[in-house]
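First comes the structure, then the notes that go with it.
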Amino acid sequence: MTSWQELLKNSITTVDDLAVHLECPVNDLAAVTAKYPMRINSYYLELIKKFGDPLHRQAVPDKRELTRTTGMRDPLAEETLSPVSGLVHKYPDRVLLLVNHECAMYCRFCTRKRALGNRKIYMDTHRLQEACAYLRATPQVREVLVSGGDPLLLSDERLEWILTRLREISNIEIIRIGSRVPCTLPMRITSNLCSVLKRFHPLYINTHFNHPAEITAEATRACAMLADAGIPLGCQTVLLKGINNDAEILAALFRKLLSMRVKPYYLFQTDLTLGTDHFRTRVEDGLAIMRQLIGHISGMAVPTFALDAPGGGGKIPLTPQYIRNYGDVLQFVNYQGKSCRYPNPPAEESRQN
Ligand SMILES: *Cc1c(COP(=O)(O)O)cnc(C)c1O
Ligand code: SF4
């Protein structure tokens, strides 16, 4: 069996290579890959060949990435919210730590597409020590989200070193890793990796699947190994035009994730990232999809639909409106569209103990 390192090394990265492997027009795409790199490994390539558009659009460059739109280079203002390089501190009790700039695939809609694929090591030992010093000096931080790029593309030894440094900080209670490899390179989940990760509990992993066709035997095996190592798994899906903006597709995805012991966590409205406008749906359309999911499928399978506010405002939960009327008798509409009522206790009484 080919190792994950070899699969990664043999990925398609040039337009000429792409034309050989996928019968698709590649005119004008070299200008796109010069700005935003491409990487498609043979595992995901086979899925593209088998399932077509919904996977093709996630991985294959599109010349619309170069059109000037409403998008911004750094829509979440991550660069201005960095007290030390590679660390984003936006919320009071948790930080984002960006440990590398590499992914198993370069998703065309990525929020950090400005930064990905450049090979310089983002978080070298010196910078990581600076980040740890900041965390030690900032005791209100209880949780570190290790992200990138994709942290699970680092070697087991490097990851172990980073996790060891984080576990030495007494205020850090929770470690959360964000990784798309269970979807884009599931062979990366090896038993050695799992035995490293399980030493750093409580450790959570949020992965990223966007379409039911991505739930393969290999992905199922990878998630089972992580779950068997005691790692609670979540999924952050991005709502993408022409890929998954459909209630039936998302219902199938979320049910399959739940069967793999992956809890759908967020469904994100596409960020205002430069070069990704062709993926954006209207917020109302996402809300309509949520209405078709809530109550109709297991509540465990329903993520929070959210928008990450431009400029670093944080995540805004977007929920369909079920309340028709506030007051002494609340009026609701349920998932079937029927009205329901609930008598509210009088305000004075409910505020006493
Ligand atoms: C999304 C995000 C988090 C985590 O938010 P949760 O709602 O806890 O998942 C933390 N920091 C930054 C900068 C983020 O963008
Ligand atoms: S794996 Fe995640 S970070 Fe990497 S390109 Fe895809 S969306 Fe962006």
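Every number for a ligand or one of its atoms is a count from 1 in the order of the listing.
Within the 4.0 Å heavy-atom shell around ligand 2 one finds L116. The closest approach between M105 and ligand 2 falls below 4.0 Å for a heavy atom of the residue. Using a 4.0 angstrom heavy-atom cutoff, H208 counts as in contact with ligand 2. Contact between R176 and ligand 1 is present, with at least one heavy atom of the residue lying under 4.0 Å from the ligand.
If you look at C107 next to ligand 2, the close heavy atoms, those under 4.0 Å, come from the backbone and the side chain alike. Residue-level proximity to ligand 1 for L76 is absent, since no heavy atom of it falls below 4.0 angstrom.
Ranking protein heavy atoms by distance to atom 11 (N) of ligand 1, first place goes to Y91 CD1, 3.7 Å. For atom 4 (Fe) of ligand 2, the nearest protein heavy atom (residue, atom name, distance) is C103 SG, 2.3 Å.
Between atom 8 (Fe) of ligand 2 and C110 there is an N/O/S contact shorter than 2.8 Å.
Applying the 4.0 Å criterion to heavy atoms of V88 picks out, from ligand 1, the atoms 13 (C). When each atom of ligand 2 is checked for a heavy atom of R180 under 4.0 Å away, the hits are 1 (S). Below 4.0 Å from some heavy atom of Y266 lie the following atoms of ligand 1, by number and element: 6 (P), 7 (O), 9 (O). In summary, the atoms of ligand 1 found under 4.0 Å from a heavy atom of R94, numbered by their order in the structure, are 4 (C), 5 (O), 6 (P), 7 (O), 8 (O).
Looking at D285 and R282, no side-chain N of the basic residue comes within less than 4.0 Å of a carboxylate O on the acidic one, giving no salt bridge. Using a cutoff of 4.0 Å between basic side-chain nitrogens and carboxylate oxygens, E173 and R167 are not scored as salt-bridged. Of the charged side-chain nitrogens involved, none lies within less than 4.0 Å of a carboxylate oxygen, so that R108 and D62 do not count as a salt-bridged pair. Ion pairing between a basic and an acidic side chain is recognised when a charged N comes within 4.0 Å of a carboxylate O; K49 and E46 show such pairing. No salt bridge links D271 with R112; every basic N to acidic carboxylate O contact stays at or beyond 4.0 Å.
Between the CD1 atom of I205 and the CG atom of L152 there is a distance of 5.5 Å, given to the nearest 0.5 Å.
The minimum heavy-atom distance between K198 and S195, with the atom names listed, is CG-O, 3.6 Å. Here the closest heavy-atom approach between residue C132 and residue R165 is recorded as SG-CB, 4.0 Å.
For ligand 1, the polar-atom distance check against Y265 finds a nitrogen or oxygen pair separated by under 3.5 Å. Geometrically, ligand 1 and E78 share no nitrogen or oxygen pair separated by less than 3.5 Å.
Heavy-atom contacts from other residues, nucleotides or ligands closer than 6.0 Å to CD of E23 number 12 or fewer.
Considering L239, I294, I249, D246 in turn, L239 is the only one that fulfils the side chain to side chain contact (heavy atoms under 4.5 Å, CB included) rule with I289.
If you check each of E143, K315, K90, Q236 against atom 5 (O) of ligand 1, the one with the closest non-hydrogen atom is K315.
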